[in-house]
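All remarks here apply to the structure that follows.
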2 protein chains.
Amino acid sequence: MEEREDLGAMVFRLGRQLLAMERPILDRHGISMWAYAVLTALRERPMRTQAALAAGIGADKTRLIPVLDELQKRELIDREPDPDDRRVRLLALTPAGRRLHQAVQAEIRAAEADLLAAFPPGDREAFVRTLIGLTPR
Amino acid sequence: MEEREDLGAMVFRLGRQLLAMERPILDRHGISMWAYAVLTALRERPMRTQAALAAGIGADKTRLIPVLDELQKRELIDREPDPDDRRVRLLALTPAGRRLHQAVQAEIRAAEADLLAAFPPGDREAFVRTLIGLTPR
DNA sequence: CTTATTCGTAAGCATGCGCCTATCATGTGC
DNA sequence: GCACATGATAGGCGCATGCTTACGAATAAG
């Protein structure tokens, strides 16, 4: 077999690289990583409870609140009490939130494509396919 | 194109999974992640300065010191002043350090192989190959 | 010889995060 | 109605980390 590092070491380093790559994009749009994660989760589908959202993006439930406050203040999300169960806050993207997420994600995807451009298409596809398989939701 | 998450999201989740996978192994050997990173770096080659080592594993120079203290106390590394430049401490694995690293790494590699076992060999190889290419040292 | 630089070490500070508890409002089951 | 569970929120605690400063020892440069 090849002489290589542990997967963990490489994955962590790649994570740091991707973070460094994404941060300027997020900064340019004045949005934090957590906020972007929230927009991403809500784009796939609106969520009934904040706890479910927190679990879905692997964040602490209490730490999410200021993020939601900020997103709501900027009118990127709607957060309204559920008429059927007024304990819960229904969360959904506003049109502006959807637009912002779309713009940020497009830039991130372009940067990702740049990163992967050096590899043969077959390897790229196998890489992404395996990554998807390794990270079930 | 497939509907997929951003690479960053998947890579970070995978990193967390790998961390959770490795922690019991490291705990069983009474060693921290940073200490394991140090042993790994020193196994590849001894290092002349602690600053170089810190940079090599992406750690803060000052934060490395207690880790080295601990490793030295357990006689897993040698840390002796360089006779040619007595400012620097020459770092190298002891035989016990080498043995410990080998044992831990073997367990980690086995766990990694388990993780990847579900994927076709071609995908596995392309995944690792691309990962190596994406994380140059 | 004097000054500047490098290396290792120690200490402090701010940040971000996970975790745990408490509180309040609301719903559900008995 | 009453006890219990659930959701959102706030606050505090502890830990790991990154970043900065300071200092002593040793070396390099002028």
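Excluded from the calculations below are hydrogen atoms, water molecules and symmetry mates; all remaining heavy atoms, backbone and side chain alike, are included.
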Enumerate donor-acceptor pairs with a distance under 3.5 Å from any side-chain N or O in residues 58-65 of chain A to protein atoms, sequence neighbours excluded.
| from | atom 1 | to | atom 2 | distance (Å) |
| --- | --- | --- | --- | --- |
| Asp60(A) | OD2 | Thr62(A) | N | 3.0 |
| Asp60(A) | OD2 | Thr62(A) | OG1 | 2.7 |

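- Spacing between atom CE of Met33(A) and atom C1' of dG16(C) amounts to 13 Å, rounded to whole angstrom units.
- Rounded to whole Å, atom P of dG7(D) lies 16 Å from atom CZ of Arg79(A).
- Under a 4.0 Å N-O distance rule, the pair Arg87(A)/Asp82(A) does not qualify as a salt bridge.
- In this structure, Arg48(A) places its CZ atom 10 Å from C1' of dG7(D), rounding to the nearest Å.
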In the 5'-to-3' direction, what one-character label does each nucleotide of nucleotides 13-30 of chain D receive under the scheme B = base within less than 4.0 Å of a protein heavy atom, S = sugar-phosphate only, - = no such atom? ----BBBB-----BS---

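- Listed by chain and residue number, Glu107(B) satisfy the side chain to side chain donor-acceptor pair (under 3.5 Å) test with Arg28(B) (two or more places apart in sequence, or in another chain).
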May I have the list of side-chain donor-acceptor pairs in residues 121-133 of chain B shorter than 3.5 Å, sequence neighbours left out?
| from | atom 1 | to | atom 2 | distance (Å) |
| --- | --- | --- | --- | --- |
| Asp123(B) | OD1 | Arg129(A) | NH2 | 3.0 |
| Asp123(B) | OD2 | Arg129(A) | NE | 2.8 |
| Asp123(B) | OD2 | Arg129(A) | NH2 | 3.3 |
| Arg124(B) | NH1 | Phe119(B) | O | 2.9 |
| Arg129(B) | NE | Asp123(A) | OD2 | 2.8 |
| Arg129(B) | NH2 | Asp123(A) | OD1 | 3.0 |
| Arg129(B) | NH2 | Asp123(A) | OD2 | 3.3 |
| Thr130(B) | OG1 | Ala126(B) | O | 2.7 |

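- Separating the CG atom of Leu91(A) from the P atom of dG7(D) is a distance of 13 Å, rounded to the nearest angstrom.
- Listed by first and then second residue, the ring pair (Phe, Tyr, Trp, His ring centres under 6.0 Å) pairs that reach into residues 15-61 of chain A are Tyr36(A)-His101(A), sequence neighbours excluded.
- Remark: P of dA10(C) and CG of Leu68(B) are 11 Å apart, rounded to the nearest angstrom.
- Between Gln50(B) atom CD and dT6(C) atom P there is a gap of 17 Å when expressed in whole angstrom units.
- Rounding to whole angstrom units, CZ of residue Arg89(A) and P of dT6(D) are separated by 18 Å.
- The separation between Leu64(B) atom CG and dC7(C) atom P is 15 Å, rounded to whole Å.
- In this structure, the side chain to side chain donor-acceptor pair (under 3.5 Å) partners of Arg13(A), at least two apart in sequence or on a different chain, are Glu5(A).
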